[in-house]
Novice: 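Here's a structure for you.
Just so you know, these numbers come straight off a predicted model, no measurement behind them. Quick note: numbers below take in every heavy atom, side chains included, and nothing from hydrogens, waters or symmetry partners. Numbers restart at 1 for each chain; the letters A, B, ... are given by sequence-line order, proteins then strands.
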Amino acid sequence: MAARLTFTQRWLPVATVLLAVLALWYAGAVGLNKAGAIERVLPNSHPNGDWTVSDLVSVTLNMERPVLPAPHQVAADLYSSLVDWPLDSPRNLLYHAAVTAQSTLVGFVLGTLLGVVLAAAIVHSRTLDRALLPWIVASQTVPVLAIAPIVLVILGSLGFSGVAPKATIAMYLCFFPVTVAMVQGLRAPQKIETELLHTYAASKLQAFWLLRMPSALPYLFPSLRVAIAAGLVGAMVAELPTGAQAGLGARLLTGSYYGNTVGIWSALVLSALLGLALTLAVAALERLVLRRGRAA
Amino acid sequence: MHAPDRPAAPPATPAPAATQAAVDVRRASVVYPSADAPVHALSDIDLTIAQGEFVSLIGPSGCGKTTLLRVIADLEPITSGTVLVNGLTPHDARLARAYGYVFQAPALFPWRTVLANVMLPLQIQGRDKAAAEAIAREQLGRVGLTGFEKKYPWQLSGGMQQRVSIARALGFEPKILMMDEPFGALDEITRDGLNDQLQQLWQRERRTVVFVTHSIAEAVYLSTRIVVMSPRPGRILKIIDSTLPDARTLDLRDTPEFMALAHEVREGLADGHGAGHGGH
Amino acid sequence: MHAPDRPAAPPATPAPAATQAAVDVRRASVVYPSADAPVHALSDIDLTIAQGEFVSLIGPSGCGKTTLLRVIADLEPITSGTVLVNGLTPHDARLARAYGYVFQAPALFPWRTVLANVMLPLQIQGRDKAAAEAIAREQLGRVGLTGFEKKYPWQLSGGMQQRVSIARALGFEPKILMMDEPFGALDEITRDGLNDQLQQLWQRERRTVVFVTHSIAEAVYLSTRIVVMSPRPGRILKIIDSTLPDARTLDLRDTPEFMALAHEVREGLADGHGAGHGGH
Amino acid sequence: MTFARDASTPVAKAVFALIASLSLAAAFWWLVGQAQQQPDFKPGPLVAPLLAVLFMAGLSVRRLAALDGQAWYGTATAALFGLWLLYFWQVGVTLFDVPRVLLPSPAWIGQMLVDRWDTLAGDWVQTVGKAVVVGWALGSGLGFAVGVAIDRAPFLQRGLLPLASLTSTVPLVAVAPIMVMWFGFEWPSKAAVVVLMTFFPMLVATLAGLQAPAKLELELMKTYAAGYARTLLDLRLPMAMPFLFSALKVNATLALIGAIVAEFFGSPTVGLGFRISTEAARMNMGLVWSAIVVAAVTGSVAYALLVQLERRVAFWHPSVRSK
Amino acid sequence: QAEKVVVQMKWVPQAQFAGYYVAAAKGYYKAAGLDVTIKPGGPDVSPVQVLAGNQADAIVNWMPDALAAREAGVPLVNIAQIFDKSGLMLTCKKASGVATPKDFKGKTLGVWFGGNEYPFLNWMAKLGYKPDTDVKVLKQGFNVDPLLQNQAACISTMIYNEYWQVVDAGVKESDLVTFFYEKEGVASLEDGLYVLEGKLKDPAFVARMGKFVKATLQGWNDAVKNPAEAAKIVVAADPSGSATLKVQERQMKNVATLISNAGTAKMGYLEPAAYERTVKVLLAGGSSPVIKKDPGKAAYSHAVFEASKK
Ligand SMILES: Nc1ncnc2c1ncn2[C@@H]1O[C@H](COP(=O)(O)OP(=O)(O)OP(=O)(O)O)[C@@H](O)[C@H]1O
Ligand SMILES: Nc1ncnc2c1ncn2[C@@H]1O[C@H](COP(=O)(O)OP(=O)(O)OP(=O)(O)O)[C@@H](O)[C@H]1O
Ligand SMILES: Cc1ncc(C[n+]2csc(CCO)c2C)c(N)n1
Ligand SMILES: [Mg+2]
Ligand SMILES: [Mg+2]
C-alpha cells in the first residue's frame with residue numbers, strides 16, 4: 001500500500017464507515033424494537049392507540065428493554081458506568097475490562113511462549129512434526145466453551161485458582177495461531193541461507209538464533225495479532241464458568257440474566273475496544289522490534 | 001599487501017604438507033534420486049587441485065558445475081568415489097572451517113547490517129566482537145564498500161550485495177575459496193571491476209580458488225586452469241592450463257594469447273554442447 | 001518464411017505511412033518522486049526508431065534503460081516531453097496492441113501449462129481456442145520447445161522459461177517487440193543460441209525491436225543501431241550505427257569489424273561510467 | 001542372525017518397536033486390572049512400570065516417524081500417537097480413580113458413541129448439516145464477494161478493514177444470545193453467528209489474495225491491454241487461491257465452534273451444542289465427550305478435505321509443490 | 001482457629017441465596033467459629049463437578065440435579081432443605097391463546113434444561129402430550145426474551161425472578177397466564193444443601209456442617225424478616241456489579257414465600273414425604289426418566305440437621 005497516508009486519507013474512510021454503521025444501527029434499532037414498542041410500551045403512554053410515527057421512533061430508541069439498544073443509550077450507559085463509579089467498583093466497566101485484560105495478557109504471554117516452544121520442537125523433530133501437528137489442529141476443533149467448566153474444575157482441584165485457570169483457557173486459544181505461523185516462519189529460511197550457515201559449521205542453536213528466529217519474526221507478529229484477539233475471547237469464555245464474578249464476560253452474562261440489554265451492549269462495545277487496544281499494543285510492539293524495517 | 005602482517009589463520013586443519021592437494025576428487029559420481037528417473041549429475045570425475053591454484057569450472061547449464069562444487073563443500077553427498085579436501089573428508093574439512101563458499105545469490109540476511117553480515121561467520125566461530133568488527137571493516141574496505149557498513153542489504157544494488165558476500169567469505173581467511181557464479185547477476189562493467197579485484201586478491205594471497213562461471217572471458221582472465229565440462233551426465237571434457245602470466249590486467253583481454261585461449265575453451269564447450277542444447 | 005502466408009495482423013492501428021517512425025521520443029524526461037530526493041531517471045531523451053529497425057539500449061546499471069522502455073510501453077508516465085508510438089500516444093498504442101513486451105523475468109503463470117501461457121495473450125485478444133492453440137504450438141516450435149507444451153513453468157529451467165516468454169510475446173505478431181534484458185539470466189551458450197534465433201527472426205519478419213542489454217557483444221551482434229546511455233540522470237551518450245551486414249552469423253563475432261564496433265561501444269560506456277560506478 | 005540383520009532396516013525397527021510397545025502396554029493393562037482387585041489398592045508401585053510403557057510408546061512413535069517412502073506413514077504416526085494418548089488417558093483415569101463426572105474414560109466415551117449414535121447423528125445433521133454448512137458457505141461467500149467488490153475501492157477498504165479487525169475481537173459468547181434474540185431458536189440464528197465469524201477472515205484473505213500478483217504480472221496483463229475482468233479471472237483469482245484456502249480452512253473450524261457454542265444460548269432440543277450443554281448438566285460426561293469427539297472429527301475431516309482440495313486447485317503454489 | 005467451609009451456589013449472586021450472604025455479612029458464621037467462602041454460580045458452573053473436584057464442602061442444588069448426579073456416580077446427600085416450596089412456573093402470554101394446560105397443544109414452550117426439563121416432561125406425560133410432536137420444546141436461555149419476542153407461547157420462569165423481568169419489560173400482569181408446578185402436582189424440591197456421602201462418616205465434618213447449617217438458617221430467618229436489609233447485603237456481595245436494590249428486594253419477598261416454615265424448628269428439615277414425592281416425579285419422567293431407580297433413604301441425611309440443633 002501507499003507508504004504514507006495523510007490524516008484525511010487515513011481517517012476519513014474510517015469516519016465515513018463508522019457513520020454508516022451508526023446510521024444502520026439506528027435504523028436497525030427502530031426496525032427491531034418496533035414490534036416490542038407497539039406491544040408493550042406505546043399502549044401504556046397512549047392507552048387509546050393515538051400514537052404517531054415519531055412517537056414510535058422516539059420510543060424505539062429509548063426503550064428500557066430493547067431488542068437492540070440505540071447507540072446513544074449504550075454511550076450513556078458506558079459513560080455513567082465509567083464516570084459515576086470509582087475505578088475499583090464492580091459497577092465501573094473499566095474495572096471489569098482490567099480483570100479481563102489481566103487474564104488475557106497472562107494467557108497471551110503463556111500461549112505465545114508455548115506456541116514458540118512447540119514450533120521450535122516441531123521443526124527440529126520429525127517425530128513431533130508427524131505425530132503432534134495433526135492433533136494440534138484437531139485440538140482447535142474442540143469447542144472451548146464446552147470444556148472450559150471442566151478444565152476450570154480440574155485446574156481448581158490441582159490447586160490453581162485466581163487468574164491461572166482463565167489464563168489457561170486463553171492460552172489454549174492463543175497458542176495455535178502462533179504455533180502454525182512459527183512452524184512456517186522457522187522453516188522460512190531459504191535453502192541457500194541454511195547452507196551458508198552449514199558451510200560455517202554453525203551449530204543448531206546458532207542456526208536457530210542467527211537465522212531461524214529472525215526469519216520467523218515477520219510470521220510471528222501477524223499471528224500475535226490473531227492470538228491476542230483469540231486470547232481475549234478465551235478469557236471472556238473462561239469467565240462464564242467461574243460464576244458471575246468480575247470481568248467483561250461475566251458482565252455480558254449477568255446483563256443477560258438481569259434482562260439488562262443495554263448493559264450487554266456496553267460490555268460488548270467495551271470488549272471490542274479492549275480488543276482494539278490489545279491489537280494496537282501488539283502492533284506497536286511489532287514496530288518496536290522490526291523498527292529497522294526490511295525490504296517489503 | 002595486507003596478508004603478511006596478519007596472524008596466520010588458526011591451524012584448524014593439520015598443517016598440510018606443501019605437496020598435499022587442496023582438493024582431490026577421484027572417480028566421483030553423483031546421482032540424484034528422482035520420482036521418474038534418477039538424474040546422473042556427475043559421472044566419474046577425476047580432478048586434483050593443488051594449493052594456491054585458481055581453477056575455473058565452465059560448461060553448459062545443468063552440466064553439474066554447481067553439483068561438483070557442492071560435493072567438495074560437503075553440501076551434497078557423493079554416490080560413489082572419493083573426495084578429499086586438504087587430506088580430510090569434506091565433512092571434516094567443513095567442520096575445520098577450511099573453506100569459504102560464495103553462492104550465486106548474495107544470501108545476505110536482511111535483518112543484519114552490511115557490517116553485521118560480514119561479521120556473521122566470525123561470530124559463529126566465536127571470535128570476540130571487537131576483533132570480528134575490525135576484520136569485517138577491513139574486508140569491506142577491500143571490496144570498496146567503506147562507508148556502507150551501517151546500511152541494510154536491500155539498500156544496496158545487486159553488485160554491491162555480491163561484494164558484501166565476497167567480503168564475508170574472505171573475512172575468516174579460509175584456505176580454500178569456492179565461488180559459484182558469483183558475478184552472474186551483474187552488469188558487464190561492474191563485473192569487470194570485480195574480476196580485476198578478485199584477480200589482485202589472488203595475486204596477493206594465493207589462496208586456492210575453485211570458481212564456477214558461464215563466461216568464457218571471465219574463466220580465461222582469472223584462472224590458472226580451466227575445467228571444461230560436458231552436459232549431463234557431467235564429465236570433464238578438457239582441462240586447459242593457462243598460458244597467461246600470473247599477473248594480469250584487463251587489457252590482456254585484447255591480446256592474441258587471450259583470444260586463443262578463449263577460442264580453445266569455446267571449442268571445447270561446443271564439442272560437448274550439441275547434444276545437450278535444450279535438454280536441461 | 002512463415003510470415004507471408006499468415007493473415008496480416010488486424011489493422012488495429014491506422015495503417016502507418018511507410019515513413020512514419022515506429023517510436024518517436026522527444027525531449028522526454030522522467031523524474032521518480034521519492035521520499036528524500038526525487039530521482040531523475042531520464043533526462044531530455046531524443047530518439048527516433050524507424051519501422052523495422054533493431055535498436056539496442058546499453059548502459060550501466062540504473063541508467064534508465066528499463067525506464068525508457070517502460071515509457072514507450074505506457075507502463076510509466078513521462079514527466080515532460082512527448083512520446084509517440086506508430087504516431088499514437090503510448091496509451092493508445094497499447095490498447096491497439098501495437099507491441100509485445102518481454103520482461104527480464106519470464107513472468108509465466110504457474111497455474112498454466114507452457115502451451116496455455118503462450119495462448120494467454122491470444123485468448124485475451126479474443127482469438128478462438130483452436131486458432132490460439134495452433135499459433136502457440138508453432139511459436140513454441142520456433143523457440144525449440146516442442147514436446148514441452150503440457151509441462152508447467154516450474155518444471156522448466158530458467159532458460160526454457162525465458163524462451164516460453166519470448167514465444168508468448170511473438171505469438172500475437174506485434175508490430176513492435178520490446179525486450180528488457182531477455183537473456184540476462186541465461187548461460188552463454190544458450191544465450192548465443194537464442195541470439196541467433198532472434199537474429200534470424202528479425203531477418204525474416206523485420207519487426208521493429210527495442211532491446212535492452214548489458215552485454216556489449218549481444219548489442220553489437222543483434223542491432224542495426226546501438227544507443228549508449230550514461231548513468232543517472234539517464235542521457236543518450238552516443239548512437240552507433242552498425243556497419244555490419246544485415247544477415248549475420250555467430251562467426252561474425254571474431255571479425256575485426258565486430259571488434260571495432262564492440263570497442264566503440266565499450267569506450268562509450270567507459271566515458272560515462274567513471275562517475276557512476278558503485279553509486280547505483 | 002537373520003533377526004539382527006533385519007532389525008537394521010528402519011521398517012523392521014519400527015515394526016519391532018510397535019510390537020514390543022503394544023505387548024508391554026497390554027501387559028501393563030493386565031497388571032492394573034490385577035492391582036485393582038486388591039482391597040488396599042494404591043497407584044504408587046505402578047508408576048515405575050507406567051514410565052517404562054511411556055518410554056516404549058515414545059520409542060514406537062519415533063521409529064514410525066522415521067520411516068520414509070509411503071504417503072500413509074505420516075498419517076499412521078499421527079494415529080499411533082493418538083492411540084497412545086487414549087491408552088494413557090484410560091490408564092490414568094483408572095489408576096488414579098478420577099471421578100467420571102470430571103473426566104470420563106475413553107472406553108465410556110466410545111461406548112456412548114456406539115450406544116447413542118442415532119442421537120448423535122441427529123445432532124450432527126442439525127448442527128453441521130444445517131447451521132455450519134449454510135453459515136460457512138454464506139459467510140465465506142459474502143466475504144469473498146465483498147472483497148472482490150471493494151478491491152477497487154481503497155476508500156472503503158481503509159474504512160472497513162479497521163472495523164473488520166474490531167469485530168473479530170468481539171467474542172461469540174456475546175453475539176450468540178443476540179442472534180438467538182434476532183433470528184430465533186432454530187438453526188438460522190446459529191448460521192448467523194457463523195456468518196459473522198467467517199465473513200471477515202474471508203474478506204481480509206480475499207483482499208490480500210487479490211493484491212498478491214506482483215507488479216510484473218500486472219504489467220504483463222497491461223501490455224496485453226487486458227481489461228479488469230480478464231485480469232481478475234486470468235491472473236488475480238488464481239493467484240489468490242492459496243489465500244482463499246487458508247481462510248476456508250480457518251473458517252471451517254471457526255464455523256463448527258461457532259455453531260456449537262451458539263446452541264448453548266437457546267436451541268431446539270437437538271444439536272451438538274444442545275447435547276453438550278444439557279448432558280453436561282446431567283453429569284452424563286460420556287455423551288458430552290462423544291459429542292465433542294464427533295465435532296472434532298468433523299472439524300479435522302473438513303480441514304483435511306480442504307487441504308486435499310487446495311492441493312488440486314493451487315497445485316502450482318510452492319508450498320503445495322514442495323509436499 | 002476458624003474452621004474453613006466452602007459452599008458453592010447454584011446461580012449468580014441474588015436474593016435466592018440471601019440467607020448465606022446475610023449470615024456471612026452479619027458475622028453469624030464467624031460467631032459459629034467458621035470461615036465460610038461463598039462461591040457464586042451460573043449456568044456454566046456445575047456445582048456437582050465443583051463438589052466432585054473437591055472445590056467445595058457443600059453445594060446449593062435442586063433435587064433433580066442432585067439425584068441424577070447420584071446415579072451418575074457422584075454420591076450426593078441432602079443435608080438440609082432450605083426451600084420447602086417450588087418457585088418454578090410456566091408463564092404464558094394470553095395473546096398466544098393459552099388459558100389452560102389443554103391449550104399447550106401445538107404451542108412452543110420454552111424450557112430450562114439440565115435437570116429442570118424432567119418435571120416439565122413429567123407434566124407433559126401427565127397431560128398426555130408428546131414433546132416435539134404435540135408441543136414444540138425450546139431449550140430456553142436464561143432470560144425472558146423468547147416470550148417478549150413472541151418466539152414462544154410460554155416460557156419457564158421463577159416466581160422470584162424471571163416472572164418479574166417479564167413484567168418489568170412492560171408486559172402487564174393482566175396479559176399473562178401462569179402455571180405453577182407446585183399447583184400442577186409436578187413440583188420437585190428446589191434449593192437444598194448437599195455434600196458428598198463419604199464425608200458424612202467423619203463426625204468432625206458433621207459437626208462443622210451442623211454449625212454451618214445453624215448459622216445459615218439464622219441468616220435466612222433475618223433475610224425473610226427484613227428483605228430490604230437482605231437486598232442491600234446481596235447487592236454488596238455481587239462482584240459483577242449488575243444486581244440492583246429494587247429487584248433484589250422484590251426477589252427476597254418472593255423467596256420468603258418459598259420458605260413457608262421460616263422461623264419454625266422445621267426450617268431446613270427435609271420432609272421424607274416431600275422427598276418421596278419428588279423421587280416419584282423424577283422416576284415417572286416419560287420415556288427417559290431422570291433417575292432409573294429409587295435412591296432410597298441414602299440420598300438424604302438428617303444427621304447434620306440434628307447437629308445444627310445442638
Ligand atoms: N536436488 C536435485 N534433485 C534432482 N536433480 C538435481 C538436483 N540438483 C541438480 N539436479 C540436476 O543435476 C544436474 C546438474 O545440476 P547443477 O546445478 O550442478 O548444474 P550447473 O552446471 O550448476 O547448472 P547451471 O549453470 O544452470 O547452474 C541438472 O540436470 C539438474 O537438473
Ligand atoms: N519506481 C521507482 N521509484 C524511484 N526510483 C526508481 C523507480 N524505478 C527506477 N528508479 C530509479 O531510476 C533509475 C533508472 O532505473 P532503471 O530501472 O530504468 O535502470 P536500468 O538502466 O534499467 O538499470 P538495470 O540495468 O539495473 O536494469 C535508477 O536509479 C532507479 O533506482
Ligand atoms: C442448569 C439449570 N438451568 C436452569 C435452572 C433454573 N434456575 C434455577 S434458579 C435460576 C435462576 C433464577 O433466577 C434458574 C434459571 C437450573 N436450576 N439449572
Ligand atoms: Mg549452477
Ligand atoms: Mg533494467
Novice: Would you say that more than 12 heavy atoms from the other residues, nucleotides or ligands in this model lie under 6.0 Å from the CH2 of A/Trp25, or not?
Specialist: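 More than 12 heavy atoms, drawn from other residues, nucleotides or ligands, come within 6.0 Å of this atom.
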Novice: For A/Val233, is it the side chain, the backbone, both or neither that has a heavy atom under 4.5 Å from a heavy atom of chain D?
Specialist: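 For A/Val233, backbone and side chain are both near chain D.
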Novice: Please state whether the side chain, the backbone, both or neither of A/Thr261 comes within less than 4.5 Å of a heavy atom of chain D.
Specialist: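 Only the side chain of A/Thr261 comes within 4.5 Å of chain D.
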Novice: Can you say whether A/Val21 sits under 4.5 Å from chain D via the side chain, the backbone, both, or neither, judging by heavy atoms?
Specialist: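 Interface part for A/Val21: side chain.
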Novice: Taking side chain as everything from C-beta outward and backbone as N, CA, C, O, which of these in A/Leu133 sits under 4.5 Å from a heavy atom of chain D? Side chain, backbone, both or neither.
Specialist: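 Contact with chain D involves no heavy atom of A/Leu133 at all.
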Novice: For a quick check under 3.5 Å, do D/Ser60 and D/Trp84 share a side-chain donor-acceptor pair by atom type?
Specialist: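 Yes, a side-chain donor-acceptor pair sits under 3.5 Å.
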Novice: State whether A/Glu239 and A/Arg251 are salt-bridged, where the test is any N-O pair (Lys NZ or Arg NE/NH1/NH2 against Asp/Glu carboxylate O) under 4.0 Å.
Specialist: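 Between A/Arg251 and A/Glu239 there is no salt bridge, as every charged N stays at least 4.0 Å from the carboxylate O atoms.
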Novice: Among A/Val269, A/Leu278, A/Ile154, A/Val137, which has the most heavy-atom pairs under 4.5 Å with chain D?
Specialist: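 Counting heavy-atom pairs under 4.5 Å, the top option is A/Val137.
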Novice: Please determine if A/Glu286 and A/Arg225 form a salt bridge, counting it only when a charged side-chain N lies under 4.0 Å from a carboxylate O.
Specialist: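 Salt bridge: yes.
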Novice: Only pairs under 3.5 Å count here: list side-chain donor-acceptor contacts from residues 140-151 of chain A, not counting sequence neighbours, and write none if there are none.
Specialist:
{"residue": "A/Gln140", "atom": "NE2", "partner": "A/Tyr172", "partner atom": "O", "Å": "3.4"}
{"residue": "A/Thr141", "atom": "OG1", "partner": "A/Ala138", "partner atom": "O", "Å": "2.6"}
{"residue": "A/Thr141", "atom": "OG1", "partner": "D/Ala296", "partner atom": "O", "Å": "3.4"}

Novice: Could you check whether atom CZ of A/Phe160 has more than 12 heavy atoms from other residues, nucleotides or ligands sitting under 6.0 Å from it?
Specialist: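 No, the 6.0 Å shell around CZ holds no more than 12 heavy atoms from other groups.
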Novice: Looking at D/Trp289, D/Phe264, D/Tyr73, which has the largest count of heavy-atom pairs under 4.5 Å with chain A?
Specialist: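 Heavy-atom pair counts peak at D/Phe264.
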Novice: According to ring-ring contact (aromatic ring centres under 6.0 Å, His included), who are the partners of D/Phe243, at least two apart in sequence or on a separate chain?
Specialist: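 Partners of D/Phe243 by the ring-ring contact (aromatic ring centres under 6.0 Å, His included) criterion come out as none, since no residue qualifies.
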Novice: Would you mind telling me which of A/Leu232, A/Val237, A/Leu32 has the largest number of heavy-atom pairs within less than 4.5 Å of chain D?
Specialist: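 Maximum pair count with chain D is reached by A/Leu32.
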Novice: Report which part of A/Trp265 has an atom under 4.5 Å of a heavy atom belonging to chain D: side chain, backbone, both, or neither.
Specialist: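 Just the side chain, heavy atoms under 4.5 Å.
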Novice: Is D/Leu160 in contact with chain A via its backbone, its side chain, both, or neither, using a 4.5 Å heavy-atom distance?
Specialist: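 Both parts, backbone and side chain.
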Novice: Who among D/Thr253, D/Ile178, D/Leu256, D/Leu254 has the most heavy-atom pairs with chain A under 4.5 Å?
Specialist: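 The candidate making the most pairs under 4.5 Å is D/Ile178.
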